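A quick write-up on the structure given underneath.
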Amino acid sequence: MKSMGEEKKEEVVSEALKAEERLRSKWFILTPEGEMKPVEEFDFTGYEKLRKFAEYEMRKSRVVEREPPHTALMRSLELADYEPASDPGNLRYYPKGRLIKSLLEEYVTQRVVEYGGMEVETPIMYDMNHPTLAKYLHRFPARQYIVESDKDRYFLRFAACFGQFLMAHDATISYRNLPLRIYELTRYSFRREQRGELVGLRRLRAFTMPDVHALCRDLEEVKGEFRRRFLLSMSVLEGIGLSREDVELGVRVTEDFFKEHREFVTSLVQLFGRPALVEMWSERFFYFVLKWELNFVDALDKASALSTDQIDVENAERYGIKYMDEDGREKYPIILHCSPSGAIERDIYALLEKAYMEMEAGRPPMLPIWLSPTQVRLIPVSSAYVDFAEEVAGRLEGRPVRVDIDDREETVPRKIRDAEKEWIPYIIVLGEREIGRDRFPVRDRRRGEIREMSLEELAEEIEEASKGRPFKPLPLPKRLQRRPKFVG
RNA sequence: GCCCCGGUAGCUCAGUGGCAGAGCGGCAGCCUUGUAAGCUGUUGAUCGCGGGUUCGAAUCCCGCCCGGGGCUCCA
C-alpha cells in the first residue's frame, strides 16, 4: 500500500460493465396468457406495482428525496447498523439482527438442501491472474475489492461461482450425476459498488447470498430444472414472509433465445400468475441468454431484485467443466445460477419496508412471527411478580418459543409501550389476577386485542406460524434488566 | 467514481463569529405500579477528523472521513 505514490492504479473495470454502457434494450410486458406488448401499450390498471417496477427499470421517474424507511428501522429495532470503522456497505449486526439473519440463512439452506443442493464451502478470495478467473471477471458487471498479499493481487468473490466452478472443473462428472446441484451460502459476497449506490440493507458492499448452481445436460433438462427452481424461489420467499403479491417478475432475455423458446418463457410467467416485465437484448452481452428476477418494490417505489436464476451458456467451456455423456464423449453442461432468496440482507430490507408500508396503511408493523426476536413478552405488574413471570416463562420454554421478562422497575403502561415499540407479537401482563389461573390475557399485536388464551394455545399458535422454519432461542438475556442498549 | 445535502451528549435534534443547549436514554431516589411514556434529582460533548483565517471558530475557508439523495447498477 505504501508504494502507491506515482504508479496510480487504474481501476479494474470489467468488460461487462463497459458493455452495459452501449447496451440497448427493448421493454415489453408479457402476460401469463402469452400476450406480449411494448410497455408503452400495456394497460397497467390493476398492476400498480408492476408499473412502478417497469418505470423504475426504464428509469423514467425517479424523484426520491427521502431516506428509505428501513434504515431507521434497522437501527431502532437494534438489528443492524453502519460500521464507520469499516468500508461503507459493510454492516454490523446486533444480537436481534444476527438472530433474524441466521434464521433466514438456515431456512434458505434447508430449502435448497431439500431441493437437492449439495452444500460446499469455498474461499472468498482468488488470484487476479488466474487465467480462467481473469476472463470471467470481464463477463460479470461488478467491481471488485482487491487484496494485496506480498506481490500478488487477489479479488474478493462477488458470488459463489468461482469456487464452485473450479470445484466442478476438477470433479469427474457423468451424465448420471446431472442435474448436478452445488450450493453455497456466501458470507460474504463482495461487490465494490459505487459509493452513492449504497443504502442501508438494500445495497451493500458485503452481503450474504445463497448461490446454487445446477449443471444440466441440455436445454430440455434446463427447462425442467429452471421451472423447478422458479417454484422453489417463490416458495422460499413466501416462507420468509414475502408473498407473491409483494414481488414483481422481471425477465431478461436475448432476442434469439426468446424467438426460439417463447413458450418456455411464457410458462414462467404463467407460474408467476401475473404479467411480467421483459427486457430484450438484441445481442448477448453477458454470459447468460435468459434470466429472471423477483423484484421487491419498496415504500419509495424503488425496485430491488431478490430471487434470480440465469441460464449460462459460456462458463462451462471457460472453466473446462465437462461431463461424460452416454455416448462416451465429453460435453459441456449448461449452468444455471440461482439465488432462491436473493441476498439475506435484502430479504430483511424487504421485510422492514413491507412492515413500514403496513404501518402507513394503518396496520401495526410486524416481522413474521418466526423471525420476531422476542415472540412473547411477560410483564410482571411489580417486582413482586417477577418470580411468577419466571414460572410462566418456564412453562413456555420447553416449546420452540422465544419468551422474555420485563423485570425493570417501570410502570405497566411504560413496559407495554416499550414492548410495542419492539414489535413483539404477544404480550402478557402478570399480577395477582393471573396467579393460579390456566388462561391468560394475551395482548395480540396483529389482531390489536387482548385474547384469553392458555399457554398451550399460545405456544401452538406460534408453532403453527413457524411451521417448517428453523427455531433458535432468545439471542439476549431473558431478563430485560440484564440487557445492554445497543442503539440510542 | 462524479454532483448535491448533512455530521453538535449513547439517540433525535436546536444553536450560523463572543460562557455549548433541549428532549429521550443512563445513573440515583421516591412510587409498588394492570395494557403505548409516573415524579424528582443527576450524569453526560476532542461540536466527525486535520489544517487555515480571526483578538476570538460548533459557526468562515481548505482537505479528508462518515451518512443521505442523484447519476449508474444489482442480490
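In the text below, chain A, chain B and the rest are named by the order of the sequence lines, each starting its count at 1. On a predicted model such as this, the values are computed, not experimentally measured, just so you know.
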Could you check how far [atom1] of [X] sits from [atom2] of [N], rounded to whole Å?
| X | N | atom1 | atom2 | answer |
| --- | --- | --- | --- | --- |
| A/Phe158 | B/C73 | CZ | P | 17 Å |
| A/Asp347 | B/C74 | CG | P | 19 Å |
| A/Asp81 | B/C66 | CG | P | 15 Å |
| A/Glu197 | B/G67 | CD | P | 14 Å |
| A/Leu91 | B/C66 | CG | C1' | 13 Å |
| A/Arg205 | B/U72 | CZ | C1' | 14 Å |
| A/Tyr56 | B/G69 | OH | P | 11 Å |
| A/Tyr145 | B/G1 | OH | C1' | 14 Å |

Same-atom distance ([atom1]) from [N] to [M], integer angstrom:
| N | M | atom1 | value |
| --- | --- | --- | --- |
| B/G10 | B/C3 | P | 33 Å |
| B/A9 | B/G50 | P | 16 Å |
| B/G70 | B/G26 | C1' | 39 Å |
| B/U59 | B/G17 | C1' | 6 Å |
| B/C64 | B/C27 | C1' | 38 Å |
| B/C73 | B/U16 | C1' | 38 Å |
| B/C49 | B/A57 | C1' | 16 Å |
| B/U40 | B/U53 | P | 49 Å |

field: Out of B/C73, B/C11, B/G70, whichever nucleotide has its closest atom nearest the side chain of A/Lys302
entry: B/G70

- prompt: Nearest of B/C71, B/G68, B/C66 to any side-chain atom of A/Val199?
  reply: B/G68

message: Regarding A/Glu293 and A/Asn295, do their side chains bring together a donor and an acceptor under 3.5 Å, going by distance alone?
response: yes

query: Distance only, no hydrogens: is a donor on one side chain within 3.5 Å (strictly under) of an acceptor on the other, for A/Tyr115 and A/Arg111?
result: no

base_contact_polar ([N] base, [X] side chain, donor-acceptor, <3.5 Å):
| X | N | answer |
| --- | --- | --- |
| A/Tyr349 | B/C74 | no |
| A/Arg191 | B/C74 | no |
| A/Arg346 | B/C74 | yes |

Would you check if [X] and [Y] make a side-chain contact, meaning some heavy-atom pair closer than 4.5 Å?
| X | Y | answer |
| --- | --- | --- |
| A/Leu458 | A/Arg451 | no |
| A/Val222 | A/Glu225 | no |
| A/Pro210 | A/Thr109 | no |
| A/Leu103 | A/Arg469 | no |
| A/Leu91 | A/Glu345 | no |

Indicate yes or no: does [X] engage [Y] in a salt bridge with an N to O separation below 4.0 Å.
| X | Y | result |
| --- | --- | --- |
| A/Glu105 | A/Arg98 | yes |
| A/Glu420 | A/Arg417 | no |
| A/Glu197 | A/Arg203 | yes |

- prompt: Tell me, for nucleotides 4-10 of chain B in 5' to 3' order, what letter each nucleotide earns: B for a base near a protein heavy atom under 4.0 Å, S for only sugar-phosphate near one, - for neither?
  reply: ------B

- request: Going 5' to 3' through nucleotides 32-40 of chain B, assign each nucleotide B (protein heavy atom under 4.0 Å from a base atom), S (under 4.0 Å only from sugar-phosphate atoms) or - (no protein heavy atom that close).
  value: BBBBBBB--

So [X], base contact, sugar-phosphate only, or nothing? Heavy-atom distance under 4.0 Å.
| X | value |
| --- | --- |
| A/Ile344 | nothing |
| A/Lys415 | nothing |
| A/Gly448 | nothing |
| A/Ala303 | base |
| A/Tyr82 | sugar-phosphate |

- line: Per the glycosidic torsion and the 90° limit around 0, nucleotide B/U12 is anti

query: Nearest nucleotide by nearest heavy atom, which residue falls closer to the 5' end of RNA chain B, A/Thr71 or A/Phe207?
result: A/Thr71

message: Need to verify one output field. Residue with the more 5' nearest nucleotide on RNA chain B, A/Arg75 or A/Arg203?
response: A/Arg75

In the strands shown, is [N] matched to any nucleotide by a Watson-Crick or G-U wobble pair with both distances under 3.5 Å, and which?
| N | value |
| --- | --- |
| B/C30 | B/G38 |
| B/G10 | B/C24 |
| B/C2 | B/G70 |

query: Distance from A/Lys354 atom NZ to A/Met366 atom CE, nearest 0.5 Å?
result: 11.5 Å

message: Between A/Glu422 and A/Arg377, is the salt bridge (charged side-chain N to carboxylate O under 4.0 Å, His left out) condition met? List the steps.
response: CA-CA 10 Å; A/Glu422 276 188 62; A/Arg377 164 75 43 90; 3.2 Å; yes

